[in-house]
Peer 1: 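Dumping the structure here so I can ask a few things about it.
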Amino acid sequence: MSDNLIITIGRECGSGGRMIGMKLAERLGIKAYDKELLLLAARESGLSKEILEHHDEKPTNSFLYSLVTDNFSSGYAAAGYFDMPLNQKAFLAQFDTIKKLADQESCVMIGRCADYALADYPNVVRVFVSGNTEDRLKLTKEAFEVSDGKVKDFMCKTDKKRASYYNYYTNQKWGSAASYDLCINSSAVGYDGAVDTILNFIECKKRYMSTKK
């Protein structure tokens with residue numbers, strides 16, 4: 001376990017969470033990982049990139065949560081790993097990659113339950129980005145090139161998938177303030193304002209933690 005600074009970004013579809021994460025990483029001079037986590041996990045685990053993409057942030061209704069976390073805590077060599085469904089293997093591969101990255105460097109991680117994977121790491125800032133519906137619909141339409149008639153359904157389904165995935169694997173509630181250190185409405189402060197807010201929070205946390213040593 002390292003003292004690297006890690007910012008994890010959970011986000012509603014269309015909230016600009018990914019954009020905010022990228023801007024934040026640029027301001028801090030560190031890397032941001034989103035889909036890149038899949039490529040790294042594929043290399044580390046031996047699973048194909050296609051398998052990881054297929055199961056990326058998608059809900060599951062198979063296996064038991066307790067078995068997942070037991071295998072996660074004891075690694076790929078754990079009994080029963082080779083008999084796991086592919087969705088569970090994909091999940092474990094990403095978690096293992098997330099922890100290795102956190103040990104190696106300071107970075108921003110977007111989605112994929114990174115906040116939960118790094119729950120024991122001391123210098124993690126867990127952020128959730130939301131937005132007003134109108135603004136989110138506009139960005140979703142532009143980012144995903146979805147038609148007016150389908151954009152709302154697309155946005156709602158994307159959020160439902162992310163919530164189901166997060167809730168299942170973490171045993172916490174996606175989007176709930178209790179699951180994060182900082183929740184931001186990007187419609188209230190803008191994308192650059194959200195970056196400023198996160199940076200200010202990081203400095204406040206550093207000062208506060210230094211008083212507890």
Peer 1: Closest approach of Ile7 and Ile9, non-hydrogen atoms and distance?
Peer 2: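 Reported closest heavy-atom pair: CG2-CD1, 3.9 Å.
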Peer 1: Any chance you could lay out the side-chain contact (heavy atoms from CB on, under 4.5 Å) test for Arg11 and Ile20, step after step, and finish with the verdict?
Peer 2: CA-CA 10 Å; Arg11 73 282 185 225; Ile20 290 165; over 6 Å; no
Peer 1: Under 4.5 Å between any side-chain heavy atoms of Leu28 and Leu199, yes or no?
Peer 2: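 Counting from C-beta outward, Leu28 and Leu199 do come under 4.5 Å.
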Peer 1: State, with a plain yes or no, whether a side-chain heavy atom of Asn123 is found less than 4.5 Å away from one of Ile6.
Peer 2: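 They are not in side-chain contact.
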Peer 1: Measure from the side-chain N and O atoms of Asp96 to the backbone N and O of Leu92, and report whether any donor-acceptor pair falls under 3.5 Å.
Peer 2: no
Peer 1: Can you tell me if Asp103 and Asn4 form a side-chain donor-acceptor pair at under 3.5 Å?
Peer 2: no
Peer 1: Are any of the side-chain heavy atoms of Lys152 and Leu137 separated by less than 4.5 Å?
Peer 2: yes
Peer 1: Has the side chain of Ser164 got a donor or acceptor atom that lies under 3.5 Å from a matching backbone atom of Lys161?
Peer 2: no
Peer 1: Would you say Asp135's side chain and Ser187's backbone share a donor-acceptor pair under 3.5 angstrom?
Peer 2: no
Peer 1: With side-chain contact (heavy atoms from CB on, under 4.5 Å) as the test, would you mind laying out the steps for Tyr191 and Leu139 before giving the verdict?
Peer 2: CA-CA 12 Å; Tyr191 305 137; Leu139 183 59; 3.4 Å; yes
Peer 1: Do the side chains of Tyr180 and Phe201 join up, straight or via other hydrophobic residues, at under 4.5 Å, putting them in one cluster?
Peer 2: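 Result: no, two separate clusters.
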Peer 1: Go through the steps to decide whether Ile110 and Tyr33 satisfy the test side-chain contact (heavy atoms from CB on, under 4.5 Å), and finish with yes or no.
Peer 2: CA-CA 6 Å; Ile110 300 167; Tyr33 293 94; over 6 Å; no
Peer 1: Taking all atoms of both residues into account, what is the closest heavy-atom pair of Lys141 and Val151, and its distance?
Peer 2: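 Closest pair (atom of Lys141, atom of Val151, distance): N-CG2, 3.7 Å.
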Peer 1: Please report the interatomic distance NZ(Lys205) to CG(Asn200), rounded to the nearest 0.5 Å.
Peer 2: 15.0 Å
Peer 1: Going from NZ on Lys206 to CD1 on Ile202, what distance comes out if it is rounded to the nearest 0.5 angstrom?
Peer 2: 7.0 Å
Peer 1: Output the distance between atom CD (Glu105) and atom CD1 (Ile30), rounded to the nearest 0.5 Å.
Peer 2: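 With rounding to 0.5 Å, CD (Glu105) is 8.5 Å from CD1 (Ile30).
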Peer 1: Would you say the side chain of Asp181 lies within less than 4.5 Å of the side chain of Phe128, judging by non-hydrogen atoms?
Peer 2: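 The answer is no; the side chains never approach within 4.5 Å.
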Peer 1: Just checking Glu145: does its CD atom have more than 12 heavy atoms from other residues, nucleotides or ligands closer to it than 6.0 angstrom?
Peer 2: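 Atom CD in Glu145 is not crowded, with 12 or fewer foreign heavy atoms closer than 6.0 Å.
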Peer 1: Does the Ser186 side chain pair with the main chain of Ser15, one donor and one acceptor, at a distance under 3.5 Å?
Peer 2: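 The answer is yes, because a donor-acceptor pair under 3.5 Å joins these two groups.
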Peer 1: Within this structure, what is the OG-CZ distance for the pair Ser130 and Arg136, rounded to the nearest 0.5 Å?
Peer 2: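 It comes to 8.0 Å.
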Peer 1: List the steps and the verdict of side-chain hydrogen bond (donor to acceptor under 3.5 Å, both in side chains) for Gln94 and Tyr169.
Peer 2: CA-CA 12 Å; Gln94 289 188 64; Tyr169 283 115; over 6 Å; no
Peer 1: Please enumerate all residues that pass ring pair (Phe, Tyr, Trp, His ring centres under 6.0 Å) together with Phe144, with sequence neighbours excluded.
Peer 2: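 Scan of Phe144 (ring pair (Phe, Tyr, Trp, His ring centres under 6.0 Å), adjacent residues dropped) gives Phe154.
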Peer 1: Will you find, in the side chains of Tyr166 and Gln172, an N or O donor that is under 3.5 Å from an N or O acceptor?
Peer 2: yes
Peer 1: Side chain of Arg18, backbone of Gly16: donor and acceptor closer than 3.5 Å?
Peer 2: no
Peer 1: Under a 3.5 Å distance rule, please check whether Asp159 uses its side chain to pair with a backbone N or O of Glu12 as donor and acceptor.
Peer 2: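 Checked: no pair found.
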Peer 1: Looking only at heavy atoms, which two atoms of Ile98 and Ala117 are closest? And how far apart?
Peer 2: CG2-CB, 3.9 Å
Peer 1: Minimum heavy-atom separation for Ala177 and Cys183, please, with both atom names.
Peer 2: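 Heavy atoms only, the tightest pair is CA-SG, 3.8 Å.
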Peer 1: Sub-3.5 Å donor-acceptor pair from the side chain of Ser179 to the main-chain atoms of Trp174, do we have one?
Peer 2: no
Peer 1: Closer than 3.5 angstrom, by distance alone: can the side chain of Lys99 be matched with the main-chain N or O of Leu118 as a donor-acceptor pair?
Peer 2: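 Checking the backbone N and O of Leu118 against the side chain of Lys99, no donor-acceptor pair under 3.5 Å is found.
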Peer 1: Nearest 0.5 Å, please: how far is CG in Leu101 from NZ in Lys31?
Peer 2: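 Between atom NZ of Lys31 and atom CG of Leu101 there are 8.5 Å.
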Peer 1: Where the side chain of Thr211 meets the backbone of Tyr208, is there a donor-acceptor pair that is under 3.5 Å apart?
Peer 2: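 Flag set: sc Thr211 to bb Tyr208 pair under 3.5 Å.
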Peer 1: So, taking the atom named OG1 in Thr170 and the one named OH in Tyr165, what distance separates them when rounded to the nearest 0.5 Å?
Peer 2: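 Reported value, rounded in 0.5 Å steps: 10.0 Å.
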Peer 1: Would you name the heavy atoms of Gly131 and Asn185 that are closest together and state the gap between them?
Peer 2: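 For Gly131 versus Asn185, the nearest heavy atoms are CA-OD1, 3.4 Å.
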Peer 1: Between Arg126 and Ala119 (side chain of the first, backbone of the second, donor and acceptor by atom type, cut-off under 3.5 Å), is there such a pair?
Peer 2: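 Yes; at least one donor-acceptor contact below 3.5 Å.
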Peer 1: For Ala194 and Ile184, which heavy atoms make the closest approach, and how far apart are they?
Peer 2: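 Heavy-atom minimum between the residues: O-CD1, 3.8 Å.
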Peer 1: side-chain contact (heavy atoms from CB on, under 4.5 Å) for Arg112 and Lys35? Distances and angles first, verdict last.
Peer 2: CA-CA 10 Å; Arg112 294 162 188 87; Lys35 293 288 185 182; 3.7 Å; yes
